[in-house]
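Naming: A, B, ... by sequence-line order, numbering from 1 per chain. It should be emphasised that the depicted structure is a prediction, and the values quoted were computed from it without experimental measurement. Only this structure's heavy atoms are used, side chains among them; waters, hydrogens and symmetry mates stay out.
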2 protein chains.
Amino acid sequence: MPNDTWQPPSVLLTVDLVIFTLRSSALHVLLVERGIEPYKGEAALPGGFIADVGEDIVDAARRELREEADLDAAKLHLEQLGTYGRPDRDPRGRIVSVAYLAIAPGLPEPEAGTDASAAFWCPVAEVASGHRPLAFDHRQILDDGLERARAKIEHTALATAFCTPSFTIAELQRVYEAVWGFELDPRNFYRKVQSVPGFLVPVGADRRTTKGRPARLFRADPWQGLRPPILRPLSPSRNEEV
Amino acid sequence: MPNDTWQPPSVLLTVDLVIFTLRSSALHVLLVERGIEPYKGEAALPGGFIADVGEDIVDAARRELREEADLDAAKLHLEQLGTYGRPDRDPRGRIVSVAYLAIAPGLPEPEAGTDASAAFWCPVAEVASGHRPLAFDHRQILDDGLERARAKIEHTALATAFCTPSFTIAELQRVYEAVWGFELDPRNFYRKVQSVPGFLVPVGADRRTTKGRPARLFRADPWQGLRPPILRPLSPSRNEEV
DNA sequence: TCAAAAGTGTTTGTCCTACACCCATGT
DNA sequence: ACATGGGTGTAGGACAAACACTTTTGA
């Protein structure tokens, strides 16, 4: 119990980032190969210490994203995922980390930045299957981030953040399938997303591919809410894919 | 950008608690009157600094609950709500706070503990209406906690944590109404909760009141998931009450 | 003319809401 | 008897899964 001379202990504060994107229809997460101890050479989520005592936490997350992966976080929506503060989570001492979640459209290989040896997109399935161990408690953070993303695209238009500025409904469906991990009926999906008022805005043009009928293009605001939501099936017949 | 002599800055870490309970069918939140500066004498959420660098954050939350309100948190389920770290949120300096949410059954007035001048239950409506200002950013934390609780009782049996060990369906309905803030049809609610497999376990006894037919008693595990969920109506005819 | 992908119609069953109605108890 | 709250039946509408079918393109 604190007495008159007691002073509150201080801790070190880091941010960690769960950045998802879609590459050739598969969900990927941004990882870095750690350039310093501990866990040097192993894979980890991008992140790092706040720069100074006056830096806002979400600003630190944006800065780390720029430094470690050369991604401009200005357009990315960072959502707080949770805080991970187990006393033994970092061998260097008491380090508490605030995790953020973000969604990025399909992008080429990120440039390795200043802090990390290398940044790269890793298939989420590779981590989930245990083939790719992660440093610290980052496996847990990634799992929490995946579940958050799965729930989030039900109630908001966040899935469109995976897409190019204008996209077809089939492209949007591939996002939902990659994040949820099972296939959907294209015809029912088509009408379901169209029926949500204010979700999809027709852009008046078509996208032509080498095969088949051209598809209408749409755009959307990724941060808009969806009413009614696009709920994933709970139990029924769903074709697993991830 | 950090150079060779750069050291990461340290911050002070606090926990804040949003504890809800039901008193005479109205949702209440546990508040304390602050005994020290800043905001001395004003209302705030219970909370405080972690005790030492080795204390786990959720343990600190449990300890504060015991110290400030003499509530035994061993049986309460503490859920992390979020982390609030705006650089200017505390005039004493850079203080980052991790907020937790918990639900308590109806309880008598809490005892004032060691740290706080007084702990008391305050109607949530009183805070929401702006009649009761809160210290720091605690109004924001409370709002976030309320929305979390509203969403949480849709997908888990958390609402039963407001109830006595055994309860009637009508009592459970009063919980949902108090948290959501509008009235529900008793007959449809009755069947809806009964239809969720594994939610309500009959205890084989009745509760007799002074009026009307006795109601069957049930018990439940507050941390169990609900499938299908008990969804609150989004738009339709709902009688506002809070 | 065929394959492939986009988009539409329709059927069928499930779930939800609203409300009429019956049941069991205290006064 | 009757008021009060507990509990059941059921009709009508909204919704969603499943799938047959039509449209529009490239080859």
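In this structure, a donor-acceptor pair under 3.5 Å is present between the side chains of B:D144 and B:Y84.
Counting to the nearest Å, the C1' atom of C:dG26 and the CG atom of B:D206 are 15 Å from each other. The separation between B:Y190 atom OH and C:dC23 atom P is 15 Å, rounded to whole Å. Nucleotide C:dG7 holds its C1' atom 12 Å from the CG atom of A:D185, rounded to whole Å. With rounding to whole Å, B:E154 atom CD is found 13 Å from C:dC16 atom P. Nucleotide D:dC15 holds its P atom 13 Å from the CZ atom of A:R227, rounded to whole Å. Distance NZ (A:K192) to C1' (D:dA14): 13 Å, rounded to an integer number of Å. Separating the CG atom of B:L200 from the P atom of D:dG7 is a distance of 11 Å, rounded to the nearest angstrom. Distance B:F189 CZ to D:dG5 P: 17 Å, rounded to the nearest Å.
The base of D:dT10 sits with one of its N or O atoms less than 3.5 Å from a complementary donor or acceptor on the side chain of B:R191.
Take the nearest nucleotide of DNA chain C for A:R187 and for B:L231: the residue whose nucleotide is more 5' is A:R187.
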Short heteroatom pairs, N/O only, protein and nucleotides 3-5 of chain C, under 3.5 Å:
none

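Note that CD1 of B:I141 and CZ of B:R139 are 12.5 Å apart. Values are rounded to the nearest 0.5 Å. With values rounded to the nearest 0.5 angstrom, A:E126 atom CD is found 8.0 Å from A:H131 atom NE2.
Taking only side-chain nitrogens and oxygens, A:T210 comes nearer than 4.0 Å to OP1 or OP2 of D:dA27. One finds a side-chain N or O of B:R216 lying less than 4.0 angstrom from the OP1 or OP2 phosphate oxygen of D:dG7.
Here the options are A:F167, A:F162, A:F20, A:W180, the test is side chain to side chain contact (heavy atoms under 4.5 Å, CB included), and the partner is A:V175; only A:F162 passes.
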